[in-house]
2 protein chains.
Amino acid sequence: MVRPAMKRSTKQAILDAAEELFADYGFAATSLRAITAAAQVNLAAVNYHFGSKEALIDAVFARRVEPMNRARLEALHELQTAFVDAIVPLDRLIAAFVEPALALSHDRTLGGQRFVRLLGRSLTEPAGAVHDSLRGRYVEVSEQFKSAFARTLPELPAVELYWRMHFMVGLLAYLMAGVDIMRLIASSRMSAHSEYDAVLPRLVSFIEAGMRAPVNADDTVSDLHPVSGAQL
Amino acid sequence: MVRPAMKRSTKQAILDAAEELFADYGFAATSLRAITAAAQVNLAAVNYHFGSKEALIDAVFARRVEPMNRARLEALHELQTAFVDAIVPLDRLIAAFVEPALALSHDRTLGGQRFVRLLGRSLTEPAGAVHDSLRGRYVEVSEQFKSAFARTLPELPAVELYWRMHFMVGLLAYLMAGVDIMRLIASSRMSAHSEYDAVLPRLVSFIEAGMRAPVNADDTVSDLHPVSGAQL
DNA sequence: GTCTATAGTCAGATAGAC
DNA sequence: GTCTATCTGACTATAGAC
């Protein structure tokens with residue numbers, strides 16, 4: 001704690017290396033040997049500082065998730081004080097939720113793209129204890145934004161809001177995880193357009209339109225298949 | 001090949017068990033021992049029938065991905081013949097892409113939800129060779145649908161279409177992967193609404209709205225942050 | 001706090017009998 | 001095709017010197 005700060009502490013070196021390797025290869029496929037080698041520390045240091053590999057995974061997440069969710073809640077609070085007695089614009093609400101996550105991919109000091117990939121991955125990986133420690137901080141964010149969206153979109157039924165927020169989270173998770181998947185769909189030289197500057201406004205307006213989509217009274221599943229018949 | 005079909009073949013038993021275990025625990029965390037134990041076959045059978053663990057992973061995917069992409073292309077072809085010299089409706093186009101993927105989660109004979117989770121996971125996991133074998137079949141689907149969307153939305157710039165198809169794929173990937181993540185955002189008893197019947201029409205109309213979102217001439221990033229300043 | 005050395009476990013792959 | 005038995009290597013975790 002009262003470290004000279006001359007050289008990056010062993011603990012931090014381990015966290016940085018683990019973050020990078022976890023993001024690249026997944027949790028199970030990353031060995032403590034690879035982590036300690038990359039961090040240029042001794043193999044035993046991980047178990048000394050963190051106790052176990054599982055605890056190290058938790059620590060990697062705890063370092064980044066807390067600030068991100070705090071940024072989301074702060075942005076939401078700023079909006080709510082800026083729009084007292086008025087309706088918070090939908091695009092700003094979406095941006096408040098989405099931007100702190102995407103911002104991680106820019107700002108080096110926040111951990112950079114390394115962690116962004118890792119976070120996205122953790123949403124689809126059954127990382128056990130990771131989910132539990134993430135869930136604790138996330139439910140607050142989720143609830144606050146749900147209320148805020150409900151106020152901005154008062155005519156939207158709760159069930160629809162639930163699904164659409166779900167879609168929003170999904171889209172975000174994918175964008176965070178799937179940087180290299182762009183080539184799957186791209187296959188052309190469009191990769192030049194992949195700057196992250198371009199993604200935020202496009203993502204926000206896509207989500208905004210989806211949030212404002214008309215609500216179908218009855219599900220139109222069957223209407224969707226006059227040709228192929230009801231195959232769902 | 002000329003198997004009596006009395007008892008499920010060792011090969012199929014391995015594929016089924018591997019699919020299930022990979023979906024639950026990931027590729028690296030699933031051992032051949034666990035797979036062969038679940039399949040009630042001998043440990044050596046995997047290497048006899050598939051050659052290696054990596055080849056087994058490929059085989060698990062190949063068995064399911066091929067029919068799914070074929071269903072997508074067939075649905076697209078039906079639409080294009082039903083709407084010759086007319087504009088294919090956007091919601092039908094989206095459904096043709098999205099539904100074969102979501103349908104996997106219903107139909108038991110197609111592999112069921114097991115594989116759906118696995119496919120979603122593979123999009124965020126650097127499964128190496130898996131990506132390569134998936135990519136080959138997917139580029140055709142991607143290109144065909146890109147052209148179809150461009151015809152239905154002729155006024156949409158190619159760059160925007162690229163991003164919005166990217167968003168569509170992302171949303172789909174997340175929904176396929178993230179069944180249990182619903183509780184993260186739900187936290188209430190809304191889980192009762194999680195039937196997959198409900199998701200397709202909602203997903204289609206969400207995506208359709210996003211696809212039709214107005215195109216901003218200049219990126220409105222800075223406009224989004226009059227309160228917090230330009231922090232992106 | 002950091003190291004070496006190693007215990008104990010489990011992995012993927014293979015040889016060879018049947 | 002299927003089995004037993006086993007090889008070889010890599011892993012996490014720990015004990016104990018410094």
Side-chain angles (χ1 to χ4, degrees), chain A residues 1-61 63 125-130, chain B residues 1-61 63 118 121-122 125-130 133:
Chain A
M1 284 300 176
V2 203
R3 179 161 295 281
M6 292 296 292
K7 142 180 158 314
R8 194 176 51 179
S9 73
T10 298
K11 207 165 173 172
Q12 283 225 338
I14 291 173
L15 284 172
D16 290 340
E19 190 173 79
E20 174 127 41
L21 291 171
F22 285 150
D24 284 345
Y25 304 108
F27 302 110
T30 301
S31 67
L32 294 186
R33 287 178 152 75
I35 293 169
T36 52
Q40 293 182 297
V41 300
N42 188 269
L43 170 62
V46 167
N47 271 285
Y48 176 80
H49 285 287
F50 299 95
S52 71
K53 184 182 181 180
E54 187 67 25
L56 170 61
I57 295 177
D58 273 354
V60 167
F61 276 92
R63 183 171 64 151
E125 204 157 318
V130 175
Chain B
M1 283 301 175
V2 202
R3 179 161 297 281
M6 292 295 292
K7 144 180 159 308
R8 196 175 50 179
S9 73
T10 298
K11 208 165 173 173
Q12 283 225 338
I14 291 173
L15 284 172
D16 290 339
E19 190 174 80
E20 173 126 42
L21 291 171
F22 285 151
D24 284 345
Y25 304 108
F27 303 110
T30 300
S31 67
L32 294 187
R33 288 176 157 78
I35 293 169
T36 52
Q40 292 181 296
V41 301
N42 189 269
L43 169 62
V46 168
N47 271 288
Y48 176 80
H49 285 285
F50 299 96
S52 72
K53 183 183 181 179
E54 187 68 23
L56 170 61
I57 295 176
D58 274 353
V60 167
F61 277 92
R63 182 171 64 151
L118 181 58
R121 163 191 305 261
S122 79
E125 204 157 318
V130 176
S133 62

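In what follows, every chain begins at residue 1, and chains take the letters A, B, ... in the order their sequences are listed.
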How long is the span from the [atom1] atom in [X] to the [atom2] atom in [Y], to the nearest 0.5 Å?
| X | Y | atom1 | atom2 | answer |
| --- | --- | --- | --- | --- |
| B:Ile35 | B:Ser31 | CD1 | OG | 7.0 Å |
| B:Thr10 | B:Tyr48 | OG1 | OH | 10.0 Å |
| B:Leu15 | B:Ser9 | CG | OG | 7.5 Å |

Spacing between [X] atom [atom1] and [N] atom [atom2], to the nearest angstrom:
| X | N | atom1 | atom2 | value |
| --- | --- | --- | --- | --- |
| B:Leu32 | D:dG9 | CG | C1' | 15 Å |
| B:Gln40 | D:dC3 | CD | C1' | 15 Å |
| A:Phe27 | D:dC11 | CZ | C1' | 18 Å |
| B:Arg33 | D:dT6 | CZ | P | 13 Å |
| A:Asn47 | C:dT4 | CG | P | 16 Å |
| B:Lys11 | D:dG1 | NZ | C1' | 12 Å |
| A:Asn42 | D:dA15 | CG | P | 16 Å |
| B:Leu43 | C:dA11 | CG | P | 10 Å |

| field | Sugar-phosphate, base or nothing in reach of B:Thr36, heavy atoms under 4.0 Å | value |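 Answer is nothing: B:Thr36 stays at 4.0 Å or more from every strand.
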
| query | With a 4.0 Å cut-off on heavy atoms, is A:Ala44 in touch with a base, just the backbone sugar-phosphate, or nothing at all? | reply |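 Answer is base: heavy atoms of A:Ala44 come under 4.0 Å of a base.
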
| request: Between A:Tyr48 and A:Ser31, name the one whose nearest nucleotide on DNA chain D is closer to the 5' end. | output: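 Counting from the 5' end, the first nearest nucleotide belongs to A:Ser31.
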
| field | Candidates C:dA13, D:dA13, D:dT2 - which lies nearest the side chain of B:Lys53 | value |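 The listed nucleotide nearest to B:Lys53's side chain is C:dA13.
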
| Phosphate OP1/OP2 of C:dG1 contacted by A:Thr10 side-chain N/O (<4.0 Å) |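 Looking at the OP1 and OP2 atoms of C:dG1, neither is under 4.0 Å from any side-chain N or O of A:Thr10.
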
| field | Least distance between heavy atoms, A:Leu21 atom then A:Ala34 atom | value |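 Looking at all heavy atoms of both residues, the closest pair is CD1-O, 3.5 Å.
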
